[in-house]
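Throughout, a chain's letter reflects where its sequence line sits, starting with A, and its residues are numbered from 1.
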Protein chains: 2
Amino acid sequence: MTKIRLVVVDDHELVRKGILSFLLTEPDIEVVGEGKSGAEAIQLAKKHTPDVVLMDLLMENGNGIEATKVIVDTGLNSRVVILTSYYDEKEVIPALEAGAFSFLLKTSSAAEVVTAIRKAAKGESVIEPKVTNVMVKRLRHHEKKLHDTLTEREMDVLQCISEGMTNAEISEDLFIGIKTVKTHVSNILSKLSVADRTQAAVYANRNSISKPKKD
Amino acid sequence: MTKIRLVVVDDHELVRKGILSFLLTEPDIEVVGEGKSGAEAIQLAKKHTPDVVLMDLLMENGNGIEATKVIVDTGLNSRVVILTSYYDEKEVIPALEAGAFSFLLKTSSAAEVVTAIRKAAKGESVIEPKVTNVMVKRLRHHEKKLHDTLTEREMDVLQCISEGMTNAEISEDLFIGIKTVKTHVSNILSKLSVADRTQAAVYANRNSISKPKKD
DNA sequence: GGTTCTCTCCGTCTGTAGACGGAGAAAAAT
DNA sequence: ATTTTTCTCCGTCTACAGACGGAGAGAACC
């Protein structure tokens, strides 16, 4: 029986070494590469075509989601197992959409991680209960996010509102009339089911809708 | 020469084991306890009176900041070294205020961590460059946060504003007259140097001022 | 006792916000 | 070729927001 070929990617040396020290005692798993960024993950995956890539999501240089997407899309038969610190909704869903095969939290025991690696090699997915909760919640509550129905222009206006701008300021910023701004605002309030611009601003902030800085 | 007595606290087993595997090769450091929550950290510190406590900040049960405060305040001669994943402004300052002795990020190499432990035992503080940057920025930009000048009642009102509530709703919620709410709002806007409630709501959200849920 | 701070409330007044209804032009979808 | 969507603009009207000034009561501080 051939060993499971594994690449470990995490920008925290401590975590990487911790994982490695565990895997040393597992005879059926061989670590063929070790990286500390999304870019390195991609290189290592292409070079070694491992069975499994164990990847952190939040890394300093190039995040794990992009790397996951690339690794999955390039058709290497590598399965990406995400091992991350927090179950942040903003990260979990995109990671799974990017093609992550399993999803673990660092609160998992070492044994669970090892099991997940073996299962991934066999084609079985392992998703943390906390993560599935987030998924279910998303499917139940916000199958489509409210602001997905906003038009481009309405998004522009909402971004301005989220900065605390007045209608007059928005009209100057977007080079349109105040009346037009008011129309957009009314439509936004209606689509987001909120009563006034303040609530719209709160919504925008909570959903990480912010104005991109112009150069 | 006596060994440095150390307690390691982190809710991630993987991280804990990673640290331990490193420290095994350091003959002058002895790990006398291992915990996975703030509460355990306090217990272990009281039981073993270690020279150094290596502590994560973000933990599932009871956070590291509270534990740090208790350990420092109880006058055990234990120095707390924070080892955390992210340099979040919201965490760094309170941790240092709580009496953390050193501050490291998990991106640090194992050697740096070991050095920091030895230095802490000798009474030397080690603060990550990224963290000092945050501190400097804080001292330069917001020596005192704007909302520190708000009175209790004004904070109550600001929290309501940050939820998108209208003056009428706030007056019902706080059992005061609308006119009184308006007075508070005006004072808040003035103190925060913002033009309207929407900007106040944005400020509140950015500074993590949110309304506590009532039971 | 006096001063200062905080919380409470009042009235007036101006400006903005937002609802409602209507409408034209361009682009995209059918 | 026709319909639908999107962006733009207009006018009217009501209600809320917020500025400004004033004021009384209680607590805390000196």
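Only B/Ile176, B/Gly177, B/Lys179, B/Thr180, B/Thr183, B/His184, listed by number, bring a heavy atom of residues 175-185 of chain B to less than 4.0 angstrom from any atom of DNA chain C.
Note: CG (A/Leu189) to C1' (D/dC16) measures 14 Å, nearest angstrom. To the nearest angstrom, C1' of C/dG18 lies 17 Å from NZ of A/Lys191. Separating the CG atom of A/Asp156 from the P atom of D/dT8 is a distance of 9 Å, rounded to the nearest angstrom. Rounded to an integer number of Å, the gap from B/Ile170 CD1 to C/dC9 P is 14 Å. Between B/Glu152 atom CD and C/dC5 atom P there is a gap of 17 Å when expressed in whole angstrom units. Computed from coordinates, the B/Arg197 CZ to C/dG18 C1' distance equals 14 Å when rounded to whole Å. Rounding to whole angstrom units, CD1 of residue B/Ile161 and P of D/dC16 are separated by 16 Å. When rounded to the nearest whole Å, the span between CD1 of A/Ile188 and C1' of C/dA19 equals 15 Å.
Within the 4.5 Å cutoff, the side chain of A/Val8 has no heavy atoms near those of the A/Val15 side chain. Under the 4.5 Å side-chain criterion, counting only non-hydrogen atoms from C-beta, B/Arg153 is in contact with B/Ile176. With a 4.5 Å cut-off on side-chain heavy atoms, B/Val52 and B/Phe101 do not count as touching. Side-chain atoms of A/Leu54 and A/Val9, non-hydrogen and from C-beta on, never get closer than 4.5 Å to each other. B/Pro50 places none of its side-chain heavy atoms less than 4.5 Å from the side chain of B/Leu6. In this structure the side chain of A/Ile170 never reaches within 4.5 angstrom of the side chain of A/Ile178, judged on heavy atoms.
Considering only side-chain atoms of B/Asp196, the nucleotide from D/dG18, C/dT8, C/dA17 that sits closest is D/dG18.
Considering only side-chain N and O atoms, B/Asn167 lies nowhere under 4.0 angstrom from the phosphate OP1 or OP2 of D/dC16. Between B/Ser186 and D/dG18 there is no side-chain N or O to OP1 or OP2 distance below 4.0 Å. At the phosphate of D/dT5, neither OP1 nor OP2 sits under 4.0 Å from any side-chain N or O atom of A/Thr151.
Using a 4.0 Å cut-off between charged side-chain N and carboxylate O, A/Arg16 and A/Glu34 make a salt bridge. Using a cutoff of 4.0 Å between basic side-chain nitrogens and carboxylate oxygens, B/Lys106 and A/Asp56 are not scored as salt-bridged.
Annotation: the terminal axes of the helix from C/dG1-D/dC30 to C/dT30-D/dA1 meet at 50°, where each axis is the rotation carrying the C1' atoms of four end pairs onto the next four (5 pairs per end, rounded to 10°).
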Exercise for review: For the pair A/Lys191 and A/Glu154, evaluate salt bridge (Lys or Arg N to Asp or Glu O under 4.0 Å) and give the outcome as yes or no after the intermediate values.
Suggested key: CA-CA 10 Å; A/Lys191 286 184 181 177; A/Glu154 285 162 356; 2.8 Å; yes
